[in-house]
Each structure stands twice: as structure tokens, then as C-alpha cells.
Amino acid sequence: FNWGSMICVMLGGVVLSVLFPTFSKMQSDRQRIKKAYLQVLEYVSFVGILVNMGLLAVSKDFLFFVLGRGTEKWLPALISLRILCVYGIFRLLLEPVGSVILAMGKTGPLLRAQIIMAAVELVLLYPALHFFGIEGVAVAVTVSYVLAFAALFPLLRKELGLSLVQWVAPVLPAVGSAIIAV
């Protein structure tokens, strides 16, 4: 889990700590927030998607050589690590949304999204673990983040006039670069 979300934690400490105050200063200018958010999304996704896709590509060797120090000790975690690399991408794309929504003073939808995320994880956790093992838990956590974004996107569409195409546009170059790199 730590390796799949490591880039989120690193970027969160650097980038996301300045986003909320910056977006707060722009709170009355929704078009300016939209433009800044899409620019942040482009830069964050470029770094984060590239790192997580890179880790996904070398995950077996990473577990064998880095974590296992030449042993197969960590190889049973391979599928989980790969799933959590995808989770890391979704989490990375969701992180800046919180700063935007808080800066606009819309804490209710953010709380609802967090509740949805927690509820999905709580409901799916035991069945996922029981029937699918640790890989199922990794999928459950990933699904909860995707659903949280799905719950927040209508607010971005309403408040910022953001379409799905406009949101995907800054992410596509990062995906393309990561695919080429991998």
C-alpha cells in the first residue's frame, strides 16, 4: 500500500500544501480556479502517472531485487502491488480536487465523498478479503477512490463548468508518456 501511494504522499507534502491557500485566494473567480486546477492536474498527473506506471512495469523485479534482496519473499504481493499502482494513479488524480472544493467552501460534498469512500471500504473489506484475499482488498480500496471521484465530479462540473473531456485532456499526455516509457 505504501509503495502504491508513495508518489501521492510525496506530491501531497509539496504541491497540495500550497494548493488550498492558492485556490482560496481565487475563490470568487471560478474560471481562474478551473484553469489553475487543470494546470495542476496536468503537472501532478505527469509525474504521478509516470512513476506509478513505471513501478507497475518493473513491479516483479522491484519485489525480487529491492524489497526481497534477491529472494522471492515478496513475490506473493505482486498482484496486490500492481493493483495498488493503479490505485495510486486514481488517488493522485483525486487529491487536488479536495483543495479546490475546500477553497470554494463546499465542505458538505467533500464530507459525503469521504463517507462514501469509507462506507465502500467497510462494506467490501471483509468479503473482498474472504473471497479474493489481499488482492480483493486492493481492488476494494481502488474502487472506493474511483467512487469518491465520481461523487465529487458533478460538483466540479456545476461550480467550475468542467466537462469530463476538459478533465481528461491534461491527463492524456501523461498516460501517453507513461505508456511509451513502459
Side-chain angles (χ1 to χ4, degrees), residues 1-23 36-102 110 113-114 116-118 120-122 124-125 128-129 132-153 167-168 170-182:
F1 181 80
N2 287 342
W3 284 103
S5 61
M6 183 161 302
I7 192 68
C8 295
V9 173
M10 290 169 54
L11 285 174
V14 177
V15 176
L16 298 178
S17 63
V18 268
L19 286 185
F20 175 65
T22 304
F23 288 142
Y37 166 66
L38 291 174
Q39 196 170 23
V40 166
L41 185 64
E42 181 178 9
Y43 297 135
V44 167
S45 65
F46 184 76
V47 173
I49 290 174
L50 190 61
V51 168
N52 278 5
M53 290 291 285
L55 182 57
L56 179 71
V58 300
S59 55
K60 186 174 183 180
D61 292 332
F62 176 77
L63 290 176
F64 185 81
F65 292 110
V66 177
L67 293 183
R69 295 191 172 111
T71 69
E72 296 183 357
K73 172 172 125 175
W74 283 96
L75 287 183
L78 180 61
I79 295 171
S80 297
L81 177 61
R82 288 179 173 167
I83 294 167
L84 290 170
C85 285
V86 173
Y87 151 80
I89 292 170
F90 285 116
R91 179 176 169 185
L92 178 87
L93 297 175
L94 180 64
E95 293 284 333
V97 174
S99 296
V100 171
I101 291 173
L102 283 175
L110 191 58
Q114 294 292 324
I116 289 169
M117 194 167 25
V120 167
E121 286 182 15
L122 286 173
L124 293 181
L125 197 62
L129 183 60
F132 303 105
I134 196 71
E135 292 86 4
V137 172
V139 169
V141 170
T142 303
V143 166
S144 73
Y145 267 79
V146 171
L147 291 176
F149 180 77
L152 291 172
F153 190 77
W167 184 83
V168 169
V171 177
L172 283 180
V175 172
S177 298
I179 289 171
I180 291 168
V182 169

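For clarity, every value in this text was computed on a predicted model and none was experimentally measured.
Distance CZ/Arg82 to CG/Leu56: 6.5 Å, rounded to 0.5 Å. Expressed to the nearest 0.5 Å, how far CG of Leu38 lies from OG of Ser45 amounts to 10.5 Å. In this structure, CG on Leu50 lies 11.5 Å from CG on Leu55, to the nearest 0.5 angstrom. Atom CG of Asp61 and atom CG of Leu67 lie 12.0 Å apart (nearest 0.5 Å). Atom OG of Ser144 sits about 10.0 Å away from atom CG of Leu125, to the nearest 0.5 Å. We find the CD1-CG distance between Ile49 and Leu172 to be 9.0 Å, quoted to the nearest 0.5 Å.
Closest of all the heavy-atom pairs between Ile116 and Ala151 is CD1-CB, 3.8 Å. Closest of all the heavy-atom pairs between Leu41 and Pro170 is CD2-CG, 4.1 Å. When all heavy atoms of Val120 and Ala140 are compared, the closest pair comes out as CG1-O, 4.5 Å. Gly48 and Ile7 get closest at one heavy-atom pair: CA-CG1, 3.9 Å. In plain terms, the two heavy atoms of Val141 and Tyr87 that are nearest each other are CG1-CE1, 3.6 Å. When every heavy atom of Phe46 is checked against every heavy atom of Ala174, the shortest pair comes out as CA-CB, 3.4 Å.
Glu121 places a side-chain heavy atom less than 4.5 Å from the side chain of Tyr145. Contact check for Pro96 versus Tyr37: side-chain heavy atoms found under the 4.5 Å cut-off. Between Leu81 and Trp3 there is a side-chain heavy-atom pair separated by less than 4.5 Å. Counting heavy atoms from C-beta outward, Val47 and Leu92 have side chains that stay 4.5 Å or more apart. Contact of the Val139 side chain with the Phe132 side chain is not registered, since no non-hydrogen atoms from C-beta on lie closer than 4.5 Å. Inter-residue side-chain proximity for Met53 and Val175 is flagged as unmet; no heavy-atom pair is nearer than 4.5 Å. Ser5 has its side chain out of reach of Leu84: every pair of non-hydrogen atoms, C-beta onward, lies at least 4.5 Å apart. Considering only heavy atoms from C-beta on, Thr71 stays 4.5 Å or farther from Phe64 through its side chain.
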Trace of the side chain to side chain contact (heavy atoms under 4.5 Å, CB included) decision for Ile79 with Ile134:
CA-CA 9 Å; Ile79 295 171; Ile134 196 71; over 6 Å; no

Side chain to side chain contact (heavy atoms under 4.5 Å, CB included) between Val86 and Asn52, worked out:
CA-CA 7 Å; Val86 173; Asn52 278 5; over 6 Å; no

Quick one, Glu135 with Ile83, criterion side chain to side chain contact (heavy atoms under 4.5 Å, CB included). Give me CA distance, side-chain angles, the key distance, then yes/no.
CA-CA 7 Å; Glu135 292 86 4; Ile83 294 167; 4.1 Å; yes

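Ring-centre distance between Trp74 and Phe62: not below the 6.0 Å cut-off. Proximity of the aromatic rings of Phe90 and Phe149 is defined here by a centroid distance below 6.0 angstrom, and this criterion is not met.
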